[in-house]
Asker: 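I have a structure I would like to understand better, so I am pasting it below and will then ask my questions one at a time.
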Amino acid sequence: MHIDHCMRGGRPAIRLYGITESGNSVLCYVTDFLPYIYIHTPDGFQPHHDAQLMKWLEDKSKSLVNVVNDGQFVYDETIYESNIDFELRFMIDIKILGVNWIKLKKGTYEEKYQHSSRCQYVVETSYETLISHDFSDQWSRTAPVTILSFDIECTAQPGKFPVAQLDPVIQIACVILVHGETEPCANIVLVLGGCTGIPSYTVRSYNTEEELLWAWYDLFIYVDPDVIIGYNIESFDILYLVDRAKFLFGNNSLSKSGRNKDEYTKIEDNLTTNKAYGFRDTKRILMHGRAVFDIYRVIEREFKLPSYKLDHVSDHFLGEKKEDVKYSDILKLYDGTNDDRQRLAQYCLKDALLPLHLMSKLSLLINYIELARVTGVPFVYLLACGQQIRGLSQICRTAFRDGYLVEAIDYQEGSTVKPYEGATVLDACVGYYTVPIATLDFSSLYLSIMMAHNLCYTTQITPKRAKEMGFAKDIDYIETPNGYLFVSQMVRRGLIPTILSELISARKCIKAAIKNEADPEKYKILEGRQLALKLSANSLYGMTGATKRYLLCVSIASSITSYGREMIQTIKEVVEKKYPESKVIYGDTDSVMINFGDIPLEDALRIGREAAEYTTGFFKKLINLEFEKMYFPYLLTSKKRYAGLYYTNTQKYDKLDVKGIQIVRRDSCNFIRDLLK
DNA sequence: GTATCGCCCTAG
DNA sequence: TTAGCTAGGGCGATAC
């Protein structure tokens, strides 16, 4: 038996491992946090049958716990730091990535940089730290992550009773995955009560809820997870654990499940009304050093599905169903035979496994870690906060690098901003078309407008100032279709165009690298990274028009849309002039649908490509019109509502493309969808 | 009976 | 203590 020192859950711990005389391998930890120890036996052996081992552990742990409790282990910052062996912890720990600007302190900056009295966003700790931080390799590090997936089954329905009065008969299934660690670690199921008859899992039994709760916190020491996942755990499971601990043990005695032993796990109300994600009444769990990553929240955000029940979601993505156990049967099974309890354990286990499978199948964790790296916000912000913080983070990062200060806009409750004009939707020539309909699209229209015309917070100029500077129109500055002035690149390159071109070129590099990547794991990471770069580039336009908080700039947003409106009209005119028999039958924002008449698909394909190339010539550099697809036949029922067979070649259609019609809407019943289809 | 508004959910 | 944008169709509730 070997003994050494290590860190678990950010705390000093003693680790015991080895093979006992009776041939069982064992691994356990003792910390200052809990007097319990954890035993791992890889072959499913039940340690309490090994009297010799148990006695040895009992003696040993008593003396060890005393050692720990006597304070011979001092919490040592350097051990904690050196134990940080992977990137995610940096992401979780706000302090390290230098995004403390979110904690704003007014005035500090003015002392140093008196010329800018308008600046309010200040790096609280150290500006020098932030600007000297090397971001150059920020997108290239990889590291292992420890994940804990869990689920609780409870015999009482949540919501029916106050949580503290729930029937204490619960089961916790914990499936533990450890990547990149050397300790042997398998699946663990904890089941309350005398369920030792379940042979296929490593099972520990607990006679009281109190013991079980201790064991739960013990698990945090044993697994020391970076990420805690589950399905809708934020709205029930974690709250349950914390609330029950409060009820049973008083105050917050057990809520120190984070990595910093001096920080309690906090639960905040997270009531948001958000246009993008709708109304939500959730709790936000702040566990120091660990990220709560609720798969339900992710799926709900990323995918449009008719139902978000775990059963449906896992069937949809994995082709797997839940074990079918009714709520009302749980207690019966629990009180039943060994076989019954085994069924219950399997049900629990499945519910903990499915989120893990979903996460890996959809690359959710990888994609979100990449997004955190690209945008520079802490990992937990991605689920807890909206899109603005990501854009703001990118702007601040580049701004500090390039020597700008970011201005704050005071947000007044109830203040209304006049909405600005958006995109043009061309009138739809409603009908059923049995001829090929070609579609021309601008690729990322709003981004290319911002780059091509150098639109940015840092480049707008008043007519008065332009005159004072002796600037010449169309050389030193341009006037947008709705009358705002922006200086040209020669005068000053805008911050947003800089960010955009950096993101786009980074994405190009990664897309090139993906082609040569043979390792499937690395492939997934690169894929997630390029997706993150695309997403974060696309969110910058929304920032400029966001009427609530941070960096509203209607002049930029409305200039972008005004250019867009002008451009869609230009395409329509150019195409109809160049091809007199053609007619633009519909168009929305950045696309036009063209009827070239009754010609074969090959001809439509050729003419479409030609038209895209020809029309692109009418626009500034960086703006590309693409010929992507044809519809044949095409059914246009109104603005934003159409369907058609989608062709990208002349042989076979790719899919049936349906937009806006009841078939794709989730507020009608299945019968209507099926019938219309 | 008609106009208007709020709500939902989509297109881009 | 927190929230990307506008355009648009369709439907039920309400006002007149």
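Just so it is clear: chains get the letters A, B, ... in the order the sequence lines come, proteins before strands, and each one is counted from 1.
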Asker: Please state how far atom CD1 in Ile661(A) lies from atom C1' in dA11(B), giving the value in whole angstrom units.
Answerer: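 After rounding, the reported distance stands at 12 Å.
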Asker: Within less than 4.0 Å of OP1 or OP2 of dA11(B), is there a side-chain N or O belonging to Lys659(A)?
Answerer: no
Asker: Is it true that Arg297(A) and Glu234(A) make a salt bridge, defined as a side-chain N closer than 4.0 Å to a carboxylate O?
Answerer: yes
Asker: What does Gly545(A) touch in the nucleic acid at a heavy-atom separation under 4.0 angstrom: a base, only the sugar-phosphate, or nothing?
Answerer: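 It contacts sugar-phosphate atoms only.
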Asker: Does Arg641(A) make a side-chain N or O approach to OP1 or OP2 of dT10(B) shorter than 4.0 Å?
Answerer: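 Arg641(A) to dT10(B) OP1/OP2: no side-chain N or O under 4.0 Å.
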Asker: Apply the test side chain to side chain donor-acceptor pair (under 3.5 Å) to residues Asn482(A) and Ser558(A): give CA-CA distance (whole Å), side-chain angles for both, the deciding distance (0.1 Å), then the verdict.
Answerer: CA-CA 8 Å; Asn482(A) 59 341; Ser558(A) 62; 3.1 Å; yes
Asker: For Tyr446(A) and for Val425(A), locate the closest nucleotide of DNA chain C by heavy-atom distance; then report the residue assigned to the nucleotide nearer the 5' terminus.
Answerer: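 Residue closer to the 5' terminus by nearest nucleotide: Tyr446(A).
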Asker: Considering every strand and a 4.0 Å limit on heavy-atom distances, what is the contact class for Ser638(A): base, sugar-phosphate, or nothing?
Answerer: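 Sugar-phosphate only.
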Asker: Identify whether any heavy atom of Lys639(A) sits under 4.0 Å from a base atom; if not, whether one sits that close to sugar-phosphate; answer base, sugar-phosphate or nothing.
Answerer: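 The residue Lys639(A) makes sugar-phosphate contact but no base contact.
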Asker: Are Asp667(A) and Arg665(A) ion-paired here, with the side-chain N under 4.0 Å from a carboxylate O?
Answerer: yes
Asker: Report yes if a side-chain nitrogen or oxygen of Tyr642(A) is closer than 4.0 Å to either non-bridging phosphate oxygen (OP1 or OP2) of dG12(B); otherwise report no.
Answerer: yes
Asker: Inspect the contact between Lys629(A) and Asp657(A) and indicate whether a charged nitrogen and a carboxylate oxygen are less than 4.0 angstrom apart.
Answerer: no
